[in-house]
Amino acid sequence: MTATLIPPATARAHRDPNVLRWLGAFTASMLGDNVYYLALSWAAVQTGTPAQAGLVMSVSALPRAVLLLGGGVLADRLGPRRVVIGSDAVRCAAVLVVAALLFLTHPGLWPLALLAFVFGTVDAVFMPAVGALPARITGKDQLARVQGMRGLAIRAASVVGAPLGGLGVALGGAPAAFALAGALIALSLPLLVSVRVRDLPADPAAIGGSTAWSDLKAGLRHVRRHRVLGPLMIAIALGDLGFVGPLNVGLTLLADHRGWGAAGMGWILAGFGTGAGAASLLLAARGRLPRAGLLTGCACTAGAVAVGALGFVPGLAAAVGTALLVGLLTGLSGALCGALLQTQADPAYLGRVTAVSSLVSLGLTPLSMPFAAAAAGAFGLGPVYAVSAAVCGLGGLVFLAVPALRRAELPG
């Protein structure tokens, strides 16, 4: 598939039809993802035991983690637009085949497990390509704004996707929900085909090695030797490691311990989502924030304090307010980290750089969930939130302590 090349963009991202087509495609794909996950979990629970359903839901994790770095190489070799289109086409076909199979027969758990495996495998190439594509559809000075727009799309898809999936299940069971997921992913394909990409100057050493392995080593070398990207990966790892446990397992335990119940937990999550959405909206509207590196470090450090405070608030209203602050600060620091990654990496390496960043999060953050649960049982929730806040705070300190990271700016 030959990409249509365009000259450097002059319009702001939120007014650029090319960027808006990409945003529509990305939103449709994310909506399909959210509906798919709900349909998969519903079908697995209805078909097997809780343990079997949990196994089906976890099948995608292994191929995604193992193949992610290779997916980054593929995205840089073939071009991110081509890889995203191919990934969405495969995911759409796989979901629709399973929808038809469930509608016609009762095959058991094996097609669900196979579908989860296919999604995990495709995600390994989809995620790096999605991260590398914005640099090819807009100017470097608009990448921060695009990062904010992308964050808004993710938030909107998570809010709308679950009710859509539930509606599909209510109307026609898992087959209807899978069909709806496939239709939403299919909607992204013509939009992606219409997206025009630009030809970017590249480092001659970035791609073109004799093997994919040599290209992978070149990408890892680019991250390791870069004065901003190397410490940025460490900061991302620390921030995610300290944050995921308290927001997932820790929040469930906190709501149960305080007697707030599922409804209370829902309000806290809504507060977090509102804050994170506000951070994405701010970046999308402003496009650039001054002294980005320093601001990211301060937001990450202040967010760490808010994460720690969440474990000690006595009332639900205070917890919702604290979660709103956590979402705003961590959402802002996370969006700025993504924007810095986009603007600091050489475009020819962006697929591999995104793969490294994704692997850091996917590989390390799941460790925080069983640790948080075990530590809460042994020491109580307060110490768990305090330790998590300290780990998050270390990520902010990396920003503040490394001069190149502290002084990093977003163009525009």
Side-chain angles (χ1 to χ4, degrees), residues 1-36 71-100 115 118-119 121-140 142-143 145-147 149-154 156-157 160-161 164 178-200 202 207 284 342 347-348 350-352 354-355 358:
M1 185 178 296
T2 303
T4 303
L5 301 181
I6 58 174
T10 56
R12 292 188 175 184
H14 64 287
R15 296 176 181 172
D16 186 344
N18 195 51
V19 173
L20 294 178
R21 286 192 295 271
W22 162 82
L23 184 65
F26 179 74
T27 304
S29 183
M30 290 298 99
L31 276 170
D33 270 5
N34 279 273
V35 174
Y36 153 76
V73 172
L74 193 65
D76 286 335
R77 280 197 165 212
L78 300 182
R81 175 178 174 270
R82 184 180 301 178
V83 172
V84 170
I85 291 173
S87 300
D88 270 355
V90 171
R91 295 193 303 161
C92 176
V95 170
L96 292 179
V97 166
V98 170
L115 178 61
V118 169
F119 255 70
T121 302
V122 174
D123 276 349
V125 296
F126 177 79
M127 293 169 66
V130 164
L133 189 53
R136 297 179 182 270
I137 62 173
T138 191
K140 198 169 186 178
Q142 295 299 309
L143 286 175
R145 181 172 273 115
V146 168
Q147 189 70 20
M149 295 164 68
R150 181 181 173 187
L152 286 173
I154 293 173
V160 177
L164 274 180
F178 278 127
L180 176 59
L184 288 167
I185 297 173
L187 181 61
S188 71
L189 292 173
L191 291 169
L192 284 169
V193 170
S194 69
V195 169
R196 299 169 298 167
V197 298
R198 67 184 67 253
D199 195 11
L200 294 171
I207 284 293
Q342 289 273 331
L350 255 178
R352 284 161 288 177
T354 304
S358 300

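What's counted below: heavy atoms across the whole structure, side chains too, no hydrogens, waters or symmetry copies.
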>> Which heavy atom of R136 sits nearest to which heavy atom of P347, and what is that distance?
In response: NH2-O, 3.9 Å

> Pick from V73, V125, V83: which one makes a side-chain contact (heavy atoms from CB on, under 4.5 Å) with L78?
Replying inline: V83

>> Using every non-hydrogen atom in the two residues, find where G351 and A132 come nearest and quote the distance to one decimal.
In response: N-CB, 3.6 Å

> Is there a side chain to side chain contact (heavy atoms under 4.5 Å, CB included) between R150 and V130 once you walk through the steps?
Replying inline: CA-CA 10 Å; R150 181 181 173 187; V130 164; 3.4 Å; yes

> How many angstroms lie between atom CD of Q142 and atom CD1 of I137, to the nearest 0.5 angstrom?
Replying inline: 11.0 Å

>> Are the side chains of T138 and N18 in contact, using a 4.5 Å heavy-atom criterion?
In response: no

>> Working to the nearest 0.5 angstrom, can you tell me the gap between L187 CG and D88 CG?
In response: 10.5 Å

> Do L20 and M149 come close enough that some side-chain heavy atom pair is under 4.5 Å?
Replying inline: yes

> If every non-hydrogen atom of L350 is compared with every non-hydrogen atom of D76, which pair is closest and at what distance?
Replying inline: N-OD1, 3.7 Å

> Of all heavy-atom pairs between G131 and P134, which one has the smallest distance, and what is that distance?
Replying inline: O-CD, 3.6 Å

> Is there a donor-acceptor contact under 3.5 Å from the side chain of N34 to the main chain of V160?
Replying inline: no

>> Tell me if a side-chain donor or acceptor on R81 pairs with a main-chain N or O of V195 at a distance below 3.5 Å.
In response: yes

> Is there a donor-acceptor pair under 3.5 Å between the side chain of S29 and the backbone N or O of A25?
Replying inline: no

>> Taking the side chain as everything from C-beta on, heavy atoms only, tell me whether V197 gets closer than 4.5 Å to L133.
In response: yes

> Can you name the closest pair of heavy atoms from C92 and A186 and give their distance?
Replying inline: SG-CB, 3.6 Å

>> Can you confirm whether F119 sits close enough to V95 that some side-chain heavy atom of one is under 4.5 Å from a side-chain heavy atom of the other?
In response: yes

>> Could you measure the distance from the CD1 atom of I185 to the CG atom of L180? Nearest 0.5 Å is fine.
In response: 10.0 Å

> What distance separates L191 CG from I85 CD1, expressed to the nearest 0.5 Å?
Replying inline: 10.5 Å

> Can you find a heavy atom in the side chain of Q342 that is under 4.5 Å from one in the side chain of V146?
Replying inline: no

> CZ of R352 to CZ of R77: how many Å apart, nearest 0.5 Å?
Replying inline: 8.5 Å

> So Y36 and F178, would you call those rings parallel, tilted or perpendicular, with 30° and 60° as cut-offs?
Replying inline: tilted

> Looking at F126, is R91 sitting on its ring face, NZ or CZ under 6.0 Å from the six-membered ring centre and within 45 degrees of the normal?
Replying inline: yes

> Between atom CG of L143 and atom NZ of K140, what is the distance when rounded to the nearest 0.5 Å?
Replying inline: 8.0 Å

> Considering all heavy atoms of both residues, which atom of A135 and which atom of R198 are nearest to each other, and what is their separation?
Replying inline: O-CD, 3.7 Å

